[in-house]
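Just so you know, these numbers use all the heavy atoms, side chains as well, and skip hydrogens, waters and symmetry mates. Chain naming here is simple, since letters A, B, ... match the order of the sequence lines and numbering starts at 1 in each.
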Protein chains: 2
Amino acid sequence: MTRLFNDPSDFCEEARLGVVAAHPDKLMAVPGGVVRSTRCAEGSVAVVIGGGSGHYPAFSGLVGQGLAHGAAMGNLFASPSAQQVYSVAKAADNGGGVLLTFGNYAGDVLHFGQARERLIKEGIPCEIVLVTDDVSSASLEEIEKRRGIAGDLTVFKAAAAAAEAGATLAEVVAVANEANRRTRSFGVAFDGCTLPGAGDALFHVPEGRMALGLGIHGEPGISEQDVPSADTLAELLVEQLLAEIPEGIEPQGARVAPILNGLGTVKYEELFVVYRRVDELLRKAGLEIVEPDVGELVTSLDMAGVSLTLFWLDDEMERLWRAPANTPAYRKGSVVPAEAIDPVELEQALDRDIPVASEASRKLAGSTLQGLEILVETIDANAEELGRIDAVAGDGDHGIGMQCGCHAALEAAREALRRGAGAETLLSFAADAWSDRAGGTSGAIWGVILSSIGESLGDQEAFSAQRLSAGVSAAASNVMSFGKARVGDKTLVDVLVPFAETLAEHAGQGAGNAWTAAAVRAQQASEATAQLLPKVGRARPLAEKSLGTPDAGGVSLSLIIRALTPLIKACD
Amino acid sequence: MTRLFNDPSDFCEEARLGVVAAHPDKLMAVPGGVVRSTRCAEGSVAVVIGGGSGHYPAFSGLVGQGLAHGAAMGNLFASPSAQQVYSVAKAADNGGGVLLTFGNYAGDVLHFGQARERLIKEGIPCEIVLVTDDVSSASLEEIEKRRGIAGDLTVFKAAAAAAEAGATLAEVVAVANEANRRTRSFGVAFDGCTLPGAGDALFHVPEGRMALGLGIHGEPGISEQDVPSADTLAELLVEQLLAEIPEGIEPQGARVAPILNGLGTVKYEELFVVYRRVDELLRKAGLEIVEPDVGELVTSLDMAGVSLTLFWLDDEMERLWRAPANTPAYRKGSVVPAEAIDPVELEQALDRDIPVASEASRKLAGSTLQGLEILVETIDANAEELGRIDAVAGDGDHGIGMQCGCHAALEAAREALRRGAGAETLLSFAADAWSDRAGGTSGAIWGVILSSIGESLGDQEAFSAQRLSAGVSAAASNVMSFGKARVGDKTLVDVLVPFAETLAEHAGQGAGNAWTAAAVRAQQASEATAQLLPKVGRARPLAEKSLGTPDAGGVSLSLIIRALTPLIKACD
C-alpha cells in the first residue's frame with residue numbers, strides 16, 4: 001500500500017517537486033510537468049511525453065538526454081490537462097516542432113489533442129503518435145484501440161534518438177509510428193495498488209491467482225488462472241508475444257529488444273528469475289537479443305504485476321534503441337555531457353508573447369487586474385480562517401496554498417497588463433502562475449477557473465454579462481471534467497455550479513444584478529457544504545477528495561465571489 | 001509477497017543467471033557471483049563486494065565501471081561462503097590486490113575473512129573494510145558493532161572510484177575507511193518481506209505502525225510509532241542523522257550526498273514526496289547537497305521500509321562520489337567505454353596454478369579421480385529415480401542437477417590430474433566446477449563437501465583413514481554452517497552427520513572397515529529420512545528447504561557412499 005504522503009491531493013505535485021529536487025542536473029520544473037535542464041540543439045524536434053502520475057519512471061523519469069524533452073504530469077492515473085501539456089510543450093520546444101507521444105487512453109487523447117491545436121494555433125508544428133502495444137486490450141483487427149503500457153518506452157526512445165540525431169518532425173513521427181508498429185506487450189497482475197489515503201486497493205486479484213492482460217489502471221483482463229512458476233510465466237509471456245509478430249518480420253534470426261517490466265511490488269530478483277527463462281526461450285525461437293531491459297520502467301504505484309514487451313528491430317530501430325540516454329531512471333551508453341540551462345534564461349525564453357489586444361479588452365484587463373487584487377485581499381484577510389476550516393477535513397494548509405497561488409497570479413497579471421495584454425491573455429498568465437506556484441489540485445483548479453473565464457472574455461471584445469456568464473459556466477464544466485467531481489461530492493464544485501447556473505439565468509438583467517443574485521446562491525451552497533463536513537481526518541480516500549481541500553475551497557470561492565460584487569457592478 | 005520463483009532453493013542462482021543475461025555488456029558469471037565483463041586497468045585494485053541475496057541492486061547490480069569489480073552472492077539473506085568470495089575475488093583480481101568490503105554482519109565477517117586468508121596465502125594482497133552506517137544498530141561508543149545498510153553504496157563507490165583512478169590497495173583501504181567514517185544511515189520499516197515459497201512474511205510491523213531502526217533482515221528496531229505523514233517522516237530521518245554528525249565536520253556549509261533508499265514496496269513517488277522535504281530540511285540546516293540518490297539501492301525483497309543516508313563529503317570524497325559509474329543499477333556521468341572481456345580469455349586467465357604435489361598425493365589424486373568416476377556412474381544410473389523421489393517434495397530436477405554438477409566436476413578433475421595435481425587441488429577443481437555448473441544450493445553443498453575433504457587430504461600426504469574421516473567431519477560441519485540445517489531437518493545433513501560420526505568412530509580400524517560401517521549407518525539414515533517425506537509440494541517454506549532438494553539429496557549421498565566402498569577398501 002501507499003503509506004507516505006501528506007495531503008493525498010498534494011501527492012502528485014509533491015512527487016513532481018521531489019523528482020526535480022533529486023535530479024537537478026537533468027530536470028527542471030515547468031508549469032504542468034518537467035523539461036530537461038540541459039541544452040538541446042537549436043531547431044531540433046522536441047519529444048513531449050506524459051500521462052497520469054503514479055507510473056514512475058513514466059513519465060518524468062524518462063526525461064533527459066537521448067530520451068524525452070519534457071513530460072506533462074497529470075493527477076494520479078488521470079491525464080494531464082490540455083493546459084499542462086501545452087505549457088510543457090512550449091517549454092520543451094527547440095524551434096523544430098513538437099511530437100506529443102503517450103499511451104492510448106481516452107483522456108490523454110482528448111487533452112493532448114487540445115494542446116496540439118493550441119500549439120499549432122501559435123505556429124508551433126505539432127504531431128501526435130499514440131502508443132498501442134498492449135496485445136490483450138483489443139484484437140489485431142482493432143489494433144488502433146489498444147492501450148499503451150510498457151511499450152511506451154520503445155516508442156519514446158526511438159523517436160527521441162531520431163530527434164537527437166537531427167531528424168525533422170515528419171521523420172520523427174515516422175520513426176515513432178514504426179517503433180509502435182514493431183512493439184508488442186503482454187502483462188499479468190497479482191494484485192492492485194492503493195492510492196494515497198485510500199482504505200483499500202483500487203482492485204484485487206484473488207489470492208494465489210493471476211489476471212492475464214489486466215491493465216495498469218486495473219482495466220479488466222482477459223482471463224484468470226493460478227499463479228504459475230516463474231518459468232511457466234516466462235513461457236506464457238513469450239508464447240503470447242510470439243503468436244503475434246508484427247507484419248513483414250521473419251522470426252528466424254530476427255532481432256528483438258525485450259523489456260521485462262515490474263509494476264511495483266514484483267521485485268528485481270523475481271524479475272531476473274523470470275528473465276533468465278525469457279532469454280532462453282527467445283534464443284530457442286531463433287531470435288537475437290539486443291540490449292534487454294529488466295526492471296521497473298512503467299509502474300502503477302505498488303501494483304503487483306509484470307509485463308513483457310518485445311521491440312522487433314531493423315537496422316534503424318536497433319541504432320535508435322542502442323543510442324545513449326541519460327535520464328533519472330533510464331541510462332545507457334555514454335552521452336556527450338550537455339550544458340546546463342540557466343533557469344533564469346529558460347524563464348526568459350518562456351516569456352510569452354502578448355497577442356495584440358483591442359483597446360476595449362485592454363481596459364477590461366485593467367478591471368480584471370482589480371478583480372485579482374480584490375481576490376488577493378480577500379484570501380489574505382481570511383487565510384487563517386480558511387486554514388481552520390480546512391483543518392477539519394484536510395491538513396489545514398488551504399489558506400496558505402491559496403495565498404501562494406493568488407499572489408503569484410496577481411504578479412503575473414500585473415506584468416501582462418504592463419506589456420499591453422487583453423483580458424484573455426492577462427487571465428491566462430494569472431492562471432499559469434497560480435497553478436504553477438500553488439501546486440496541488442487546488443492550484444490546478446484555480447488555473448482552470450481563471451483561464452476558462454479568460455477564454456470567454458477574449459482579447460478583442462468589450463465586457464458583457466453574457467461573456468462573463470459563459471466563462472463561469474465553462475469554468476464549472478472544465479473543473480468538473482478536470483477533477484472528476486460532481487455536485488454533491490462536497491467540493492468546490494458544489495458552490496461553483498449553482499453560482500454559474502444562477503449567473504446564466506440572470507445574465508439578461510445585467511452583470512451586476514446577475515452577480516449579486518448568484519453570489520447569494522453561492523453563499524447558501526457554501527454554507528450547506530460546510531455543514532456536511534465529515535469529522536474524519538486525512539484518511540478519506542483520494543477519490544472523495546479529488547478537488548484538493550474541497551470544503552475550504554467552496555468557502556473561499558464564495559468569499560471571493562461576494563467581495564467581487566462591487567467591481568462587477570461598476571463594470572456594468 | 002514474493003510470487004515468482006521455481007524451486008525456491010534455486011531462486012538465488014536463477015536470479016544470478018538472470019541478472020547476467022540481462023546485462024551481458026556489464027556482468028559475467030563466475031563461480032560464486034559475478035564480475036565485470038569489461039576490461040580493467042592492469043595492476044589496479046579490485047573492489048569486491050557481496051553479501052546475502054535478496055537485496056538487489058546490492059550486490060550484483062553495483063558491479064561495473066566506476067563501481068565494484070565483483071560481487072560474491074550468497075543465499076537469501078545469508079553470507080556467501082568463503083569459497084564463493086575467494087572465487088569471485090580471484091576472478092576480479094587485476095594484479096593490484098583486492099579490497100573486500102561489505103556490511104558488518106557476523107556471517108559475512110567470518111566468510112570474507114576466511115577468503116582473505118586464502119587469497120593472501122596465494123600471494124594476492126587482500127584487505128577488508130566493514131560498512132557500519134546504521135546509527136540505530138549500536139551506540140556511538142560501540143560504533144564498530146553497527147550494521148551496514150544503504151551506506152554500503154557510498155563506501156563501495158568511493159573505494160572503487162579511487163581504485164579506478166589508480167590508487168594502491170593501502171590508499172583504497174584508507175578511502176573506504178574514511179567514506180565509512182563519514183556515512184550515517186537511519187531506517188524505518190512498515191512491514192516485512194516474504195521469502196520465495198514462504199507462507200508468511202519474515203516479520204510483521206502492526207498495521208498503521210512504523211518500526212524505527214529495524215534492520216534489513218528484520219533485526220529488532222529501537223522503537224515503534226504510528227506511521228507519520230511524509231513530511232514528518234522526513235523530519236524524523238533528518239533529525240536522527242543531524243544528531244550524529246561525524247567527528248570533525250562543521251555542519252554549517254558542509255556538503256552531503258543524501259541517499260533516500262526504498263526497501264522494496266515503498267515506491268518512487270512516495271520516495272520523491274519524502275525527498276522533497278528532506279531536501280528542504282538539509283538546505284535549511286545550512287548544508288550543500290551534492291548529487292543525491294533517491295530510489296531502490298539496497299532492498300529486502302518486498303519489504304516496506306525506507307532509509308536515509310548522509311555521506312558527509314570533503315573535497316576528495318566529493319570527487320570520488322561524483323566520478324562516473326556504469327553498472328546495471330547505478331549510473332552517473334559518462335564513463336569512457338571499456339573493452340569487453342572475451343569470456344574464453346577470462347576462463348584462461350582464471351586457469352588456476354597447480355601447486356606442486358608430492359608423489360604420494362598425486363597417486364591419491366588418481367584414486368580420487370576414480371572415486372569421482374564411480375560417483376558419476378552412480379548418479380547417471382539413478383538420475384531418473386532421484387528425480388522421481390525429488391518430485392514428491394521438490395520439483396523433480398534433483399537428478400538432472402546432480403548429473404550436471406558431477407560431470408563438470410569429473411571433467412575439471414581430469415584436467416587437474418593431467419596437470420599434476422595432488423588430491424587437495426584435484427578436489428578443489430572438482431568442487432568449483434560442481435558448484436558453478438550445477439548452480440543452486442545443492443551444487444554449492446557438493447562443492448563444500450568435495451573441498452572440505454580435499455583440504456583434509458592435502459597435496460603432500462599419503463592416504464590415511466584419519467585424514468579421510470577428518471575431511472568428512474569437516475564436510476558435515478561446513479555444510480551445516482553453510483546451509484543452516486541441523487540433523488532432523490530432513491535434509492542431506494541427516495545422512496551426512498551420522499555417516500561422519502560412524503566413520504570417525506571406526507577410523508582406527510582402517511578406512512575400508514570404517515567406511516563399510518559408516519555406509520550402513522548412512523543407508524539407514526537415508527531410509528528414515530525418505531519415510532518422513534511430506535506429501536506437500538513446492539509450498540514448503542525455504543527455511544525448511546534450505547539444502548536444495550534435500551530428501552533426494554540424502555538418498556543420492558547414501559548411494560554414492562555405498563558405491564565408493566570397494567574403492568576405499570582398495571586404498572587401505
Which of B:Cys12, B:Gly54, B:Ala304 touches chain A most, by non-hydrogen pairs under 4.5 Å: B:Gly54
Positions in residues 321-333 of chain A that reach chain B, provided some heavy atom is under 4.5 Å away: A:Arg331, A:Lys332
Could you check if a side-chain atom of A:Thr2 sits within less than 4.5 angstrom of a side-chain atom of B:Lys267, using non-hydrogen atoms only? no
To the nearest 0.5 Å, tell me how far B:Phe190 CZ sits from A:Arg3 CZ. 6.5 Å
Considering only heavy atoms, which portion of B:Val19 lies under 4.5 Å from any heavy atom of chain A: side chain, backbone, both, or neither? both
Provide the closest heavy-atom pair for A:Pro292 versus B:Ala21 in the form atom of the first, atom of the second, distance. CG-O, 4.0 Å
Extract all donor-acceptor atom pairs below 3.5 Å that involve side chains of residues 276-283 of chain A and protein atoms in other chains or at least two apart in sequence.
from	atom 1	to	atom 2	distance (Å)
A:Arg276	NH1	A:Asp231	OD1	3.2
A:Arg276	NH1	A:Val273	O	2.9
A:Arg276	NH2	A:Asp231	OD1	3.3
A:Arg276	NH2	A:Asp231	OD2	3.3
A:Arg277	NE	A:Glu235	OE2	3.0
A:Arg277	NH1	A:Glu280	OE1	2.7
A:Arg277	NH2	A:Glu235	OE2	3.2
A:Asp279	OD1	A:Arg283	NE	2.7
A:Asp279	OD1	A:Arg283	NH2	3.4
A:Asp279	OD2	A:Tyr275	OH	2.9
A:Asp279	OD2	A:Arg283	NH2	3.4

CD of A:Glu14 to CD of B:Glu269: how many Å apart, nearest 0.5 Å? 13.0 Å
Is there any residue in residues 57-67 of chain B with a non-hydrogen atom under 4.5 Å from a non-hydrogen atom of chain A, and which ones are they? none
May I ask you to name which of A:Asp302, A:Val335, A:Leu17, A:Val294 has the most heavy-atom pairs under 4.5 Å with chain B? A:Val335
Under 4.5 Å from a heavy atom of chain B, the part of A:Leu301 involved: both
At a heavy-atom separation under 4.5 Å, does B:Val306 approach chain A through its side chain, its backbone, both, or neither? side chain
Donor-acceptor pairs under 3.5 Å, side chain of residues 194-201 of chain A to any protein atom, not counting sequence neighbours: which ones?
from	atom 1	to	atom 2	distance (Å)
A:Asp200	OD1	A:His204	NE2	2.8
A:Asp200	OD2	A:His204	NE2	3.3

How long is the straight-line distance from CZ of A:Phe272 back to CG of B:Leu4, given to the nearest 0.5 Å? 13.5 Å
Starting at CD of B:Glu291, measure out to CG of A:Asp25 and round the result to the nearest 0.5 Å. 6.5 Å
